[in-house]
Each structure stands twice: as structure tokens, then as C-alpha cells.
Protein chains: 2
Amino acid sequence: MKYRELAKILKVEIDKGKYRDTGKLPTEPELMEQFGATRYCVRNAIAMLVELGDVYPVQGSGMFVRENRREGCLNINGTRGMTSEFPGHSVSSKLIKLEQREAGADSARLKCAVDAKVYSVSRLRLLDDEPFAIEYALYLKEFVPYLNEEIASGSIYAYIREDLGLSTGFADKLIYARELDHGRADLLGLSAGDPALVVEDDAYLASGRMFNAGTVYYHYKKATFFNFADLK
Amino acid sequence: MKYRELAKILKVEIDKGKYRDTGKLPTEPELMEQFGATRYCVRNAIAMLVELGDVYPVQGSGMFVRENRREGCLNINGTRGMTSEFPGHSVSSKLIKLEQREAGADSARLKCAVDAKVYSVSRLRLLDDEPFAIEYALYLKEFVPYLNEEIASGSIYAYIREDLGLSTGFADKLIYARELDHGRADLLGLSAGDPALVVEDDAYLASGRMFNAGTVYYHYKKATFFNFADLK
DNA sequence: GAGTGGTCTAGACCACATT
DNA sequence: ATGTGGTCTAGACCACTCA
């Protein structure tokens, strides 16, 4: 039994409400018994759940299950795109632009050569067929060698991970608020000068190479981000 | 040698630029040797740095040090308050309101009894003597038995941790953008209808009990949040 | 005092990157 | 082939909570 498997199993059980009666996970010895796992495995699995904010530890007392209600929120630490954050809703994209060009002035942000080839993708993202966000994204062709309209209209991250087989590592994000200009306000069905929640996102592969930079303008009445922070 | 100590030492060394030449930490065996530590200790220490985004692992290759430029940004996972995010700047607060009352309608958010006693604190937070944010915070008197104007004008979190000796556990945050009303716009030196970056913050003790809930309206031209996300 | 999670030791073998 | 980090075993003792 590997600890990632165990973490997955426990996560599903928690989401199904299995431990809602006691509010606690079984103790380490109990989990070792139940899953025929070593303490190493059990503790690593639980550590993953702690990082996700699903449980918290109280020494001498147990692992307590958290009541997380973050429905309708975008998890800012999320590895998952919009698609998986809104179950029961339709998430789609309207492609505004898809072009291949040289990085040029964007080479500084992408940490690549000035003449490196990139895909530039602009999309209007829709939630239940209503404008939700405007996304501008750059992908280094070195890592994402092919993109077409069909792929760019769906989940680009799913394509990158599942079809291209790239393993993502980490991402830096900047979050701030700005006034919308006319063009973007029109796309979102808002007025110029209305607020926008803006997220700049630099994404890296597990190898440490940046492969994607994006800037997203969210509809301020529809988008709320959720964050779980460890204060220890 | 405890792993938290080692993590602290390595963190300081990284910040001083000690590993900038190679861009990598020493290998595990080297660190074990250098600090007379076991592999358990070394790996746990490094795991803490990975969580903070200071290094990232590449299996078979090493632990790479990241170039983090987050100056002038508020770390959204930060355990530290504003005070420590802006070194070289003056951070102060102008107390707007400090009162003691019953939770009442706020009991739902604070997960406490309706007649639980709370401190309600409103502050205008200043960066270099300019309005930076408006903060509304509630503290359960059960855990924060005393607050006065002097404490509320300084770092309340430092008081809670260092003077009251409470150990904080985790926090949930919601981040969104809104239009400012006249009152808050005046306080921030902005106009009604201008954007505000809003953060709702529910903070828990290590025991899992919520002790603090806050809502902060940030000046949209001055506040930018930074987030580091693990995509693995 | 019994039971909980937290720290630690001293090994072994595996997966991956580099030479 | 070697060296790197990742997984795993099988223990021991410590810190803390709770009855």
C-alpha cells in the first residue's frame, strides 16, 4: 500500500462523510490495521490530507476532519482548472485568439530566449454560458509543441498533463484588483471602471522550467477565491 | 538537531544567498554530515522549505533553490502580519473602533454561542503613513481575554502569540473584488465605486477552535497578494 | 495511566538524472 | 555506473490530552 493511494482512499471517504459521526479519523494503529499499512505510509497519507486542509492534527487527541464548504469558490492552490471546481455547472471557453509567435517582450516573464516560440491563447471563459473570466496565456512551444482550436477550447491543462504527459511542479500567483477597460468590460458584460479580480500565474514543470504564464481577469461578482493556510 | 531548527538555519542561509552559485542545496548525505543530523531530520527540514516555496526537488538531480521575488507583496499563506511583509517601511494602524459585545449575528461565522463575548476591532492600516487597508476583526474573549487601544494599535497577532501564548493552527480565506462605498472610499483616499480587494479570514487555534474572524478591504492600487502553489 | 500524535534512529531498496 | 531524491520497514522514545 502506497501512501498516495491511501491518501486518495481516505479523501474519498471523508468527502462521502464517512467520519462525520465522530469528526475524527481512526487512530494511526487502527489505520495501519485496516489497510495493512506501515506507520510511515499512514502518516504520509494523513500529512497530504493536512496539507489539503481536509483534516487537522491535535496531538494527544486525534486527527479531526474539517467541515469545508468552499462550493462555488476557486481554490487558489488548486491543481485543477475551472472545470473541476464547478461540478454540476457547465464550463466552456470561447476562443478569442490562438497564434504562434516569438516570445519577444514576453521573454522576461517566461524566462526564455527572445526568439523562443510560444503559443499565445486568449479565451473568454464561460460558466453556465455566462462570461466568467478573460484569460491570456502563453505556452512555450518547447514543452507544448502543438495546440489547435479544439484543444484550446477545452481544458488545456488536461491536454498538457494527460495527452502530452508533462508533469507540473509548482506555480506562483499574484492576485490584485483593477478597474476594467472598455474592451474587457464588454466581454464580461460589465461597465468600464468596474472592478476586476486579476490573477497572474507563472507555472513550472516538475523539472523547474517555466512553461506557462497567464493573466486572468475575473468577473468580480462571480469569482471568489478560497485559500487554506497553515499558521503553524 | 531538530528538523525545525535545521529548516530555520537553511532558510537563513538561502535568504543570504549562500547557495546562489550552484543554485542547489547540498545533497542529503552532505547535509547529514555537515549538521550531524539523521536523514529523517534533513528530509523533514527540506520538506518545510519545499512547502514555503524556497526550494523544489528534482528526483535524481537535487534540491534547487528558487529565486523568489515577492517584495512588496502580501503572502496569502503568510503566518506573518503586514508588519513583517514590508521591511524598511513603516506599518501602523489608526484605531477606528474597539468595543466589547456579544457575538449576536456574528455567532454563525465565529461558530460560537450567540451570547459569547467578543472584541470588535476596526482599524485603518497605514503603510508609510498612507491608507493601505481597512480591517474589521472579531476576537472571541474566551481566547483573547483582554485588548486595549495600545495593543489594538500594534500587531494583535504578535500579542496573541507572544504575550497570550496561544498557538495558532490554520486559517481559511476568501478573496474577491468589490466596489467601494463612500465611507470606505473616503478612509482609503479613493472614490466610491473604485475597486477594493477584499479578504475574509477565519482563523483557528491549533486545537481547531475558531478564535478570530476578519474582513479586510485593501487599497487596490497598493495591495498585491502572492501565492505559491504545489501542482504535484 | 492509557492513548493519542510527534520525533527520531538506522537501516534497505526504488526511481530517476547524469556521466 | 554512480549519485540523486523517493519510498519503505521496524522499531524506540517524547509530548500532549483525556478519563
Side-chain angles (χ1 to χ4, degrees), chain A residues 1-10 19 22-51 54-66 143 165-170 204-209 230-232, chain B residues 1-10 19 22-51 54-66 143 165-170 204-209 230-232:
Chain A
M1 168 73 63
K2 310 234 198 289
Y3 72 84
R4 290 168 195 280
E5 295 174 43
L6 180 52
K8 213 169 188 174
I9 292 171
L10 291 174
Y19 305 109
T22 60
K24 291 160 72 167
L25 291 186
T27 66
E28 291 179 358
E30 282 166 358
L31 288 171
M32 291 166 70
E33 168 80 28
Q34 281 176 39
F35 293 95
T38 62
R39 200 179 171 203
Y40 171 89
C41 170
V42 166
R43 284 182 62 78
N44 273 280
I46 291 175
M48 292 184 71
L49 301 178
V50 170
E51 226 173 317
D54 289 312
V55 302
Y56 62 89
V58 179
Q59 192 174 359
S61 186
M63 304 295 316
F64 292 81
V65 178
R66 298 209 51 203
F143 303 112
L166 295 178
S167 46
T168 49
F170 48 88
Y204 298 75
L205 297 173
S207 65
R209 285 291 308 275
D230 191 352
L231 301 182
K232 286 231 189 65
Chain B
M1 168 73 62
K2 310 234 199 287
Y3 72 84
R4 289 169 195 279
E5 295 172 43
L6 179 52
K8 213 170 189 173
I9 293 170
L10 292 174
Y19 305 110
T22 60
K24 291 160 71 167
L25 291 186
T27 65
E28 291 179 359
E30 283 166 359
L31 288 171
M32 289 167 69
E33 169 79 26
Q34 280 178 40
F35 294 95
T38 62
R39 198 176 173 205
Y40 171 89
C41 171
V42 167
R43 284 184 60 79
N44 272 280
I46 292 176
M48 292 183 71
L49 300 179
V50 171
E51 225 173 317
D54 290 310
V55 303
Y56 63 89
V58 178
Q59 191 173 0
S61 186
M63 305 293 319
F64 292 81
V65 177
R66 297 207 52 203
F143 303 111
L166 294 178
S167 46
T168 51
F170 48 89
Y204 297 74
L205 298 173
S207 64
R209 285 291 308 273
D230 190 353
L231 300 182
K232 286 231 188 65

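Note on naming: letters A, B, ... go to the chains in the order of the sequence lines (proteins, then strands), and numbering restarts at 1 for each one. These figures come from a predicted structure and were not determined experimentally.
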Identify which nucleotide among C/dT7, D/dT9, C/dA17 has an atom closest to any side-chain atom of B/Ser61, counting heavy atoms from C-beta outward. C/dA17

Nearest whole Å is fine: how far is D/dT4 C1' from B/Lys24 NZ? 8 Å

Check every atom of D/dG5, C/dA10, D/dA10 against the side chain of B/Pro29 and return the nucleotide holding the closest atom. D/dG5

Between the side chain of A/Glu51 and the main-chain N/O of A/Met48, is any donor-acceptor distance below 3.5 Å? no

Tell me which nucleotide among C/dT7, D/dT7, D/dC16 gets nearest to the side chain of B/Tyr3. C/dT7

I'd like to know if the side chain of A/Lys24 reaches the main chain of A/Ser61, judged simply by a donor and an acceptor atom lying under 3.5 Å from each other, with no hydrogens or angles considered. yes

Ranking C/dG6, D/dT7, C/dA15 by distance to the side chain of B/Gln59, first place goes to C/dA15

Closest nucleotide among C/dT18, D/dT7, C/dT7 to the B/Arg4 side chain: C/dT7

Of the nucleotides C/dA10, D/dC8, C/dT7, which has the atom closest to the A/Arg43 side chain? C/dT7

Of the listed D/dG6, C/dT9, C/dT7, the closest approach to the B/Pro57 side chain comes from D/dG6

Please determine, for the side chain of B/Arg39, which listed nucleotide (C/dT7, D/dA15, C/dA12) has the closest atom? C/dA12

Which nucleotide, C/dG6, D/dC18, D/dT4, lies nearest any side-chain atom of B/Thr27? D/dT4

Return the value, rounded to whole Å, for the distance between atom CG of A/Leu205 and atom P of C/dC16. 16 Å

